[in-house]
Structures are given as structure tokens and as C-alpha cells.
Number of protein chains: 2
Amino acid sequence: MKHRPTIRDVARKAGLSLSTVSLVINNRGHVSPGTRESVQKVVRELSYHPTRSARGLASKTSGNIGFILSEEHFSQAEPFYTRIFLGTEFEAREHNYYILLTTVGNQFDPEVYVPRFLLERNVDGIIIAGKVNEKLISHIDSLGLPIVLVDFEIKRAHHSAVLIDNWRGATLAVEHLLALGHKKIAFVGGDIRHPSITDRYEAYHNTLHMAGVFLEESYEVTDEEETSVEGGTSAAERLFASGAKPTAIFAANDAMAIGCIRHLKSRGLRIPEDVAIVGFDDIEISSHIEPHITTIRVLKEEMGKIAVQRVVDSINAKTKIVVTTHVPVELIVRESTVALAHVED
Amino acid sequence: MKHRPTIRDVARKAGLSLSTVSLVINNRGHVSPGTRESVQKVVRELSYHPTRSARGLASKTSGNIGFILSEEHFSQAEPFYTRIFLGTEFEAREHNYYILLTTVGNQFDPEVYVPRFLLERNVDGIIIAGKVNEKLISHIDSLGLPIVLVDFEIKRAHHSAVLIDNWRGATLAVEHLLALGHKKIAFVGGDIRHPSITDRYEAYHNTLHMAGVFLEESYEVTDEEETSVEGGTSAAERLFASGAKPTAIFAANDAMAIGCIRHLKSRGLRIPEDVAIVGFDDIEISSHIEPHITTIRVLKEEMGKIAVQRVVDSINAKTKIVVTTHVPVELIVRESTVALAHVED
DNA sequence: GTGAAAGCGCTAACAT
DNA sequence: ATGTTAGCGCTTTCAC
């Protein structure tokens, strides 16, 4: 293991100064083509590569992007945010960044705990996926780091965000059910403070009203703790216990849809004949479960990619512009929905 | 955004030298308890935190662990290796490391492409998941970096490895089928050069022989290109085309098992009544698909965790010890296997 | 047990 | 367009 060449070695061998070599390597400044060439030649000959730490120390950049996820989302290894994360990994490489992942609890107190990469000045920008404590966001903001939110937004503060077109997705879902003749369409949701869930719920409501359908409150379950499979099971149970007789259910996400299916099956109800179900997210399992779930496809990897592009843009930009991107959604019709057999109004 | 305190500020305020402060921070050397205390007090008061780049430059460490995955595994976002990766992320945080992910193609030529974190001296150790080009491994080895292989091993070279107990897993699977009365147990696999697949195949073979069951070659499909769902479909097709009449199939992994199920269904065969199926890996979908698949559970997150522990041990160790860990497996009986109805020998 | 001094390898003004 | 000069903030001998 002999000594790795340093920029010094390159400069010496090329008969130039350190700064000129640095300029060439970083593709900056006005260097004459000839000089550039000869530096590149020496770089190749010595197979020189700059050391990240040294660059970092001198330039106060790390070459890393921090990815922050709530503990719950991570420990559940939830397929939704995992996909977004993998999307960022993919795109980061294109921009010569690495992603540093960390999780945070619901509480945030800078006195108690701050993500290590923030303390160590080890990231140049931050991507936050899903709902996190707003104090954390403003803390990062005060550090002067570019922030991009994914599947989350804050009304008051202005931050770049990559969002799902939840309104359109939910509208598509409900219109699909309406078109199949359903009227008694229940909504099943939870974690209603999450902007995505709120939007889905409101669009559901709005679409029904626009179609002249007005249902009792018992057709809406919005207060589940978690938008998980268990939450879905529990919500479906309460739905029927409340006396509602839906012919279709729009679930806030696929996990809850799966929970609903589980409960309905246990009740002896057939899907979609007795109750049709539409989910949201199009997580992988949805196309494997029985019946395959009709859902709204969300381009999760794509969201991660866009987030990286935004944060890289912000890092390179001098002025901080806020960009909000709504990623399109698509209705995927599978087996869990079918036309209403007989109108039973 | 005022100036962040440096180690200099701490030293000054504590009335000590830089080196003493450094020793305290790194919990090294013989520092008197009193001195230690007072440094820690000042550190707290200034809320000082060392900068990663500066440490890196001075100490030639990065605080990162590289995770290398083959492109195929990553782009398929294969749930198996993704889980292992998430396991490493989890454990890395415990040890104050970050994981840097990269993918590599099947070919490796150091002249053409070397993972960037290697060139930039941006990792202190490497975890390699799944099969990769051996030249890459020896290249990393020549860099003097600790290596831990996960779900892969090289007979010749000695490297620490975290392996699945494939032999035991496959034995459990086949014994389960034998116990249910099956004798015509087919094997469906691919990518047979992968040590894990080889082991599973050999254990299958061995278990049958030990039980006095000898089948024609047509009961074995080992030459599929990929151990994917598609590979499974294709393998099942060829299995039946070859004239084999299995009452049970042991698939090299769950993905292939799913492919088999798909093909058998399309043939009008019922599972498990007509053909029983056992998979391997216990990926998430396996418990959602119809029928829920009987499989061998592999602790994927656990494998990632152990890999991080090993690599961290290696980083801290002066002498390089090679440790091979076989992670235990477990038979998970679900719906895809059932006792053979009538013996049809 | 503590301090002084010398870098680690690079970038970034500022000159020229 | 290229060179000179300072560091960036930390660790690490080596004295004392």
C-alpha cells in the first residue's frame, strides 16, 4: 500500500501550481485548454482522486444529503417511504452525492437530540420524508441548509416540496366507484393531521357532494391512530358496527385497504361483490393480495428522485427558490372493484 | 448564523491545550478526571461538536461504511437485499457510522470504474451483499479496507461473511414435504453459481437421497437465468413440459415460488391440493399472496446488523480476524403445503 | 497528565 | 491564465 498521490504530486508532475490543478479538477475558473489537458493527463497517469475529507474541510461541503424519516415510518420498514428513499439513493449517485439516512422521533428538542449529521456538518442539504416535527424543520432552516419536503408540507413556512396529487387521486378513486354505480361509499382513514390524508379525505367528500351523494357521518372513519393494516381492520370493524352499509370503501392508503379486506373476509363478505374497495399508494403487495387491489398509483421512486434534484439545485443556487412539485397519480383498476350488482337504495 | 465553536474555542475557554481537549473528546489517553470534567463542561456550554471533515482529514477515517450491491439486485429493488440494507442502516446508527450505498455491474475493471467512495477515501469498511465480481473484492482488499460479505462467500479467499444457513433451511423444507407424504418433490432454481442457491440445491438432493427418494433429472430445473418471479414461471413451465409429475415443488426462493404458483394456476392446478409448494427467504409478499406460501424464514435485517457489527469490529481491530456467521433459519408453514391426499406411486 | 507544533489534502482569496 | 499564501478544524507525535 504505497502513498496515494495528492494534488501536490499532480501539480509537481504537471509543473503547475496547486490552485491551477484544483481549478481543473473542479472544472472551474479560466484555465487554458492546453493546461487543462496536461493536468488531466497527469491525473490519469497517477490515477489521482481527491480525498473527500480534505475537500470537505477546505470547501465546507460534505458531498452528502441527509434523509430524515420518522422512526415509525422507518422501523415499520414501510414500503412506501422505503421506496422514496431508494429513489433518492438512485438519483443521488447521478449527482455525485451520497445519502445519509437518519430517523427522528415525534418529539424534537434541539437541547436533547439533533441528528448527528447536522452537528457534524456532514450534509449539504436535507430531504425530509413524511410528517415530522415542525420544530425540527425550522431548526434545520436556521442552520441555513436547503430543505426539501417529500409527502409533507407546512402551510405557514415556505419550503420546497414534492407532493402527491392527493386531491386528484382521491377524486379518481371516488369517481371510479361512482361510475360503477356505487353511492354508499365509505371513507376509512387515520392520522388525519397528515396533509396527504386530509387531502384525500376532503377530495372524497367533495367528489361525493359534486355527484349529489350525501351520506351520514357513520360512513366516515377518520380517527384511526395509524394508517396501517391494523388501523384498517379496526376502522372497518367500527364502520360496520356503526350501522353503515357501504357497498364500497375508499381507504386512505393500501395498508388500510388491506386491513379492510381482512376484516370483511372475516365477516364473510365477498370482495368486490359485496363490498368494493379502492386503496391509495399502490404498494407492492397490493397487486399480490387476493383480490388484487384497485388503487391509485403513486410514483414513489420518482418522488425521491425529484427531491434529490431539488435539493441539489438548492445547494448550487445562490438564491433560495421554493418549488412545489405535484407528482401525477394514476388509477389502477384491479380486482377489488366491480359494478354494483343491484341498486339497493 | 454565527460562527460555530471549534475545538480551539473549547481549549481556550477551558484553559487547556488543543490536544487535551481532543483526548477528552475521543475518550482516549490518560486525562485526569478533573480535567476531563472541565472540558466536558465547556463542551456542553458551547454545545461544541467536532466537524466530520476535519476529523476525517486528520485521522484518515470517514465515519462511513460502504454498502455494495449488484445493480440487478438494487434496480429490482429486490425486497430481500433491501431488507438487509435497512438492517445495516439501523445498526450503523448505533455505532455512529453512516452507510454509503453504491451499486456495481457484473463486470469489474478498476481501470474503468471503481466505486466513488473508494476513490475518495470516504469509507472505513465495506459490506458486500450478494454475488459480485471477485475482482472487485480483491481490489478492495488490496486497499486494506475491512470487508464483510453478506449472503455470499468465496471459497479460496478468506473474508468475514454473514451467511444464511441454507443447508439447514433447504433440509427443513424438503423434510417438511417428505413428512407430508410427498416423494415426487421437484426443485426449481436458477443462478446456480450463487453459493446460496447451490447449497439449497445440494441440501435438497441430499435430503431426498437420505430418505431413499431418487428422482429423474427432469424433476430438477437448475438453469434458469434469474431467481425471479419470471424465472419461476418459466421453470415451472419447463418442469411440466419435461414430463415430470411432481406433487410438490421446492423453489430456490420465494420469488420463484410465486412464479411457480402463477404458472400452476394458469394450468388449472390447485395449490396445495394438486401441487404443494415451499419457497425460501420469507419475503413480505409471501404471506399475502394466495395461497400464503410455506417458506423458510431468513432474518434479513438481522444479517445486515451482524454485518455492521463485524465490519465495525474489523475497523477497530488491529489484527484482521475472519468470522463467518451462519444466521439461523426457520420453517414457516402456511397454506401452500398440505399432506399428499393419496399415494400415487 | 498536559502542551507545542506539525501537518492531514484540499480550496479560496488575492496577487501577478 | 496561473501562482502564492493562508488556512479549513482536527489528530497526533513528541516533549516535558
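Computed from heavy atoms alone, side chains included, the values below leave out hydrogens, waters and symmetry copies. A note on names: the letters A, B, ... follow the listed sequences, proteins ahead of strands, and every chain is numbered from 1. From a predicted model like this one, the values you see are computed outputs, not experimental measurements.
- For the pair A:Arg93 and B:Phe74, the cation-pi test (distance below 6.0 Å, angle within 45°) is passed.
- At the phosphate of C:dG3, OP1 or OP2 sits under 4.0 Å from a side-chain N or O atom of B:Thr20.
- Across the protein-nucleic acid pair, B:Ile7 atom CD1 and D:dC10 atom P stand 6 Å apart, rounded to whole Å.
- Using a cut-off of 4.0 Å between Lys/Arg side-chain N and Asp/Glu carboxylate O, A:Lys41 and A:Glu45 are scored as salt-bridged.
- The heavy-atom pair separating A:Tyr97 from A:Asn64 by the smallest distance is CD2-N, 3.8 Å.
- A straight line from NE2 of A:His30 to C1' of D:dG3 spans 17 Å, rounded to a whole angstrom.
- Side chain to side chain, A:Ser19 and A:Ser22 fail the donor-acceptor criterion of an N or O pair below 3.5 Å.
- Although no hydrogens or angles enter the test, the distance criterion places a donor-acceptor pair under 3.5 Å between the side chain of A:Ser59 and the main chain of A:Arg55.
- Rounding to whole angstrom units, NZ of residue B:Lys60 and C1' of C:dC10 are separated by 12 Å.
- Of the two residues near DNA chain C, B:Pro33 and B:Ala58, the one whose nearest nucleotide lies more 5' is B:Pro33.
- Residue A:Arg55 contributes atom CZ, which lies 18 Å from atom C1' of D:dG7 at whole-angstrom precision.
- Partner of A:Tyr48 under the side chain to side chain contact (heavy atoms under 4.5 Å, CB included) criterion, out of A:Asp9, A:Val42, A:Ile7: A:Ile7 alone.
- Between A:Asn26 atom CG and C:dA13 atom P the separation is 13 Å, expressed in whole Å.
- Within residues 9-17 of chain A, the residues approaching DNA chain D are A:Gly15, A:Leu16, A:Ser17, by heavy-atom distance under 4.0 Å.
- One interatomic measurement links the two molecules: CZ of B:Arg8 to P of D:dC8, which rounds to 8 Å at whole-angstrom precision.
- Regarding contacts with the backbone of C:dA12, a side-chain N or O of A:Arg28 is found under 4.0 angstrom from either OP1 or OP2.
- Here A:Ser22 does not reach the OP1 or OP2 of C:dC10: none of its side-chain N or O atoms lies under 4.0 Å away.
- Closest to the side chain of A:Leu57, out of C:dC10, D:dG9, D:dT2, is D:dG9.
- At D:dT2, one or more side-chain N or O atoms of A:Thr35 fall inside 4.0 Å of OP1 or OP2 (strictly under the cut-off).
- The distance from atom CG of A:Leu23 to atom C1' of C:dA13 is 12 Å, rounded to the nearest whole Å.
- Between C:dC8 and A:Thr51, no contact under 4.0 Å exists linking OP1 or OP2 to a side-chain N or O.
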Which pairs of donor and acceptor atoms, one on a side chain in residues 126-134 of chain A, lie under 3.5 Å apart (sequence neighbours left out)?
| unit_1 | atom_1 | unit_2 | atom_2 | d |
| --- | --- | --- | --- | --- |
| A:Lys131 | NZ | A:Asp191 | OD1 | 3.0 |
| A:Asn133 | OD1 | A:Lys135 | N | 2.7 |
| A:Asn133 | ND2 | A:Asn106 | O | 3.0 |
| A:Glu134 | OE1 | A:Arg156 | NH2 | 2.7 |
| A:Glu134 | OE2 | A:Arg156 | NH2 | 3.4 |

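- Taking atom CG on A:Leu18 and atom C1' on D:dT2, their separation rounds to 12 Å, with Å as the unit.
- Between B:Ser19 and D:dT11 there is no side-chain N or O to OP1 or OP2 distance below 4.0 Å.
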